[in-house]
Amino acid sequence: MYVAFDGKLFSPLNLRFERTTENCFRNWNLSKLLFTGSGPIVQQFAETADFDIDVLKRLLVDASRRMVLCRLYPGFRSDIYKKLIDKQVYTMLLELYESGTGNMRSNDFSLKPLLTYGKQRNVRFYCTSQQETTVAFSQYVTSLRVWREGTVPMGALTIESVVALYFACSLIADSREELDELMETYSALYSEK
C-alpha cells in the first residue's frame with residue numbers, strides 16, 4: 001500500500017501533508033518510501049474476500065464515538081479533559097509536547113489527575129509526539145508513574161498513523177483487550193522501521 005503523488009511513491013505510515021513544501025508530502029522517519037505491511041491486521045484483511053460494508057461502517061462509527069484525540073501543551077487543564085471520559089470515551093490519543101506534558105504532580109495542570117481518573121474507568125491512553133520524535137517514557141523523570149496509569153507510548157508513530165491504526169484495529173478486534181494488544185504490537189513493529 002502506498003500514496004502516489006507527483007510521480008513519487010510514499011508510505012502511508014507517518015505521512016505528513018505540508019502545503020508549505022514544494023512536494024507537499026513527506027515521511028519523517030522512514031528509510032524506505034514504500035511500505036507493504038505485515039502482521040495480524042494485514043493478514044486478516046488479506047484473507048477476507050467479502051466485507052459487509054454496513055458492519056464495517058457500524059464498527060468505525062462506534063470506534064469514533066469511543067475515542068478522542070487531544071493535543072497537549074504544558075499548562076493544559078486536566079479537569080477539562082476528564083469531562084470527556086465521562087462521555088463514555090474509552091480511548092484517548094494524546095499528542096504530547098516533549099516531556100513538558102509528562103508532569104505527574106497532583107494538580108489540574110498535570111497528566112496525573114487525567115491518567116488516574118481514566119485508569120479508574122478503564123480508559124486506554126496512546127501517546128505520540130508533536131515534535132516528530134520517538135515517544136519513550138524512559139525520557140521522562142516520571143516514566144514509572146506515567147506507565148503505571150495505563151499509558152502506551154506509540155514509539156515513532158505520528159498521530160495520523162495512530163488514528164489510522166486505531167480504526168484498523170477496531171475493525172478486527174473482538175474485545176477492548178484485543179484492541180490494546182494489537183495497538184501495542186503494531187506500535188512496536190512500526191517503530192522498528
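When the side chain to side chain contact (heavy atoms under 4.5 Å, CB included) test is applied to Glu181, the partners found at least two apart in sequence or on another chain are Thr185. In terms of the ring pair (Phe, Tyr, Trp, His ring centres under 6.0 Å) criterion, Tyr90 has no residue partners (sequence neighbours excluded).
What you find for Thr91 and Val89 is that their closest heavy atoms are O-CG1, 3.3 Å. Closest heavy-atom contact between Glu178 and Asp174: OE1-N, 2.8 Å.
Each of Leu171 and Val61 belongs to its own hydrophobic cluster when Ile, Leu, Val, Met, Phe, Trp and Tyr are linked at side-chain heavy-atom distances under 4.5 angstrom. A continuous path of Ile, Leu, Val, Met, Phe, Trp and Tyr side chains, each step under 4.5 Å between heavy atoms, connects Leu56 with Leu182, placing both in one hydrophobic cluster.
With contacts defined as side-chain heavy-atom distances shorter than 4.5 Å, the pair Thr151/Leu115 qualifies. Counting only heavy atoms from C-beta outward, the side chains of Arg66 and Asp62 approach each other to under 4.5 Å.
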Step by step, would you call Phe125 with Leu114 a side-chain contact (heavy atoms from CB on, under 4.5 Å)?
CA-CA 10 Å; Phe125 297 92; Leu114 176 65; 4.1 Å; yes
For Leu165 and Met183, what are the C-alpha separation, side-chain angles and deciding distance, and is it a side-chain contact (heavy atoms from CB on, under 4.5 Å)?
CA-CA 7 Å; Leu165 178 61; Met183 291 290 288; 3.7 Å; yes
Val152 vs Met154, test: side-chain contact (heavy atoms from CB on, under 4.5 Å). Steps then yes/no.
CA-CA 6 Å; Val152 177; Met154 297 306 288; 3.9 Å; yes
Do Asp79 and Tyr117 pass the side-chain hydrogen bond (donor to acceptor under 3.5 Å, both in side chains) test, and can you show the C-alpha distance, the side-chain angles, and the key distance before you say yes or no?
CA-CA 10 Å; Asp79 57 325; Tyr117 190 74; over 6 Å; no
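Contact check on Glu177 versus Arg124 returns no salt bridge, with no Lys/Arg side-chain nitrogen under 4.0 Å from an Asp/Glu carboxylate oxygen.
Figure legend: Arg77 and Tyr81 shown without cation-pi pairing, the cationic atom not lying both under 6.0 angstrom from the six-membered ring centre and within 45 degrees of its axis.
Note that CE of Met92 is 5.0 Å distant from CD1 of Ile85, once rounded to the nearest 0.5 Å. Between Met67 atom CE and Leu84 atom CG the span is 12.0 Å, to the nearest 0.5 Å. Interatomic distance, OG1 of Thr116 versus CZ of Arg121, reported as 9.0 Å (0.5 Å rounding). Here the CZ-CD distance, from Arg65 to Gln88, works out to 11.0 Å after rounding to the nearest 0.5 Å. Distance CG/Leu94 to OG1/Thr128: 8.0 Å, rounded to 0.5 Å. The structure places SG of Cys127 at 8.5 Å from CD1 of Ile159, a figure rounded to the nearest 0.5 Å.
Residue-environment remark: CZ (Arg176) exceeds the threshold of 12 foreign heavy atoms within 6.0 Å.
The closest side-chain donor-acceptor pair between Tyr126 and Asp180 falls under 3.5 angstrom.
Side-chain atoms of Ser170 come within 3.5 Å of backbone N or O of Tyr166 as a donor-acceptor pair.
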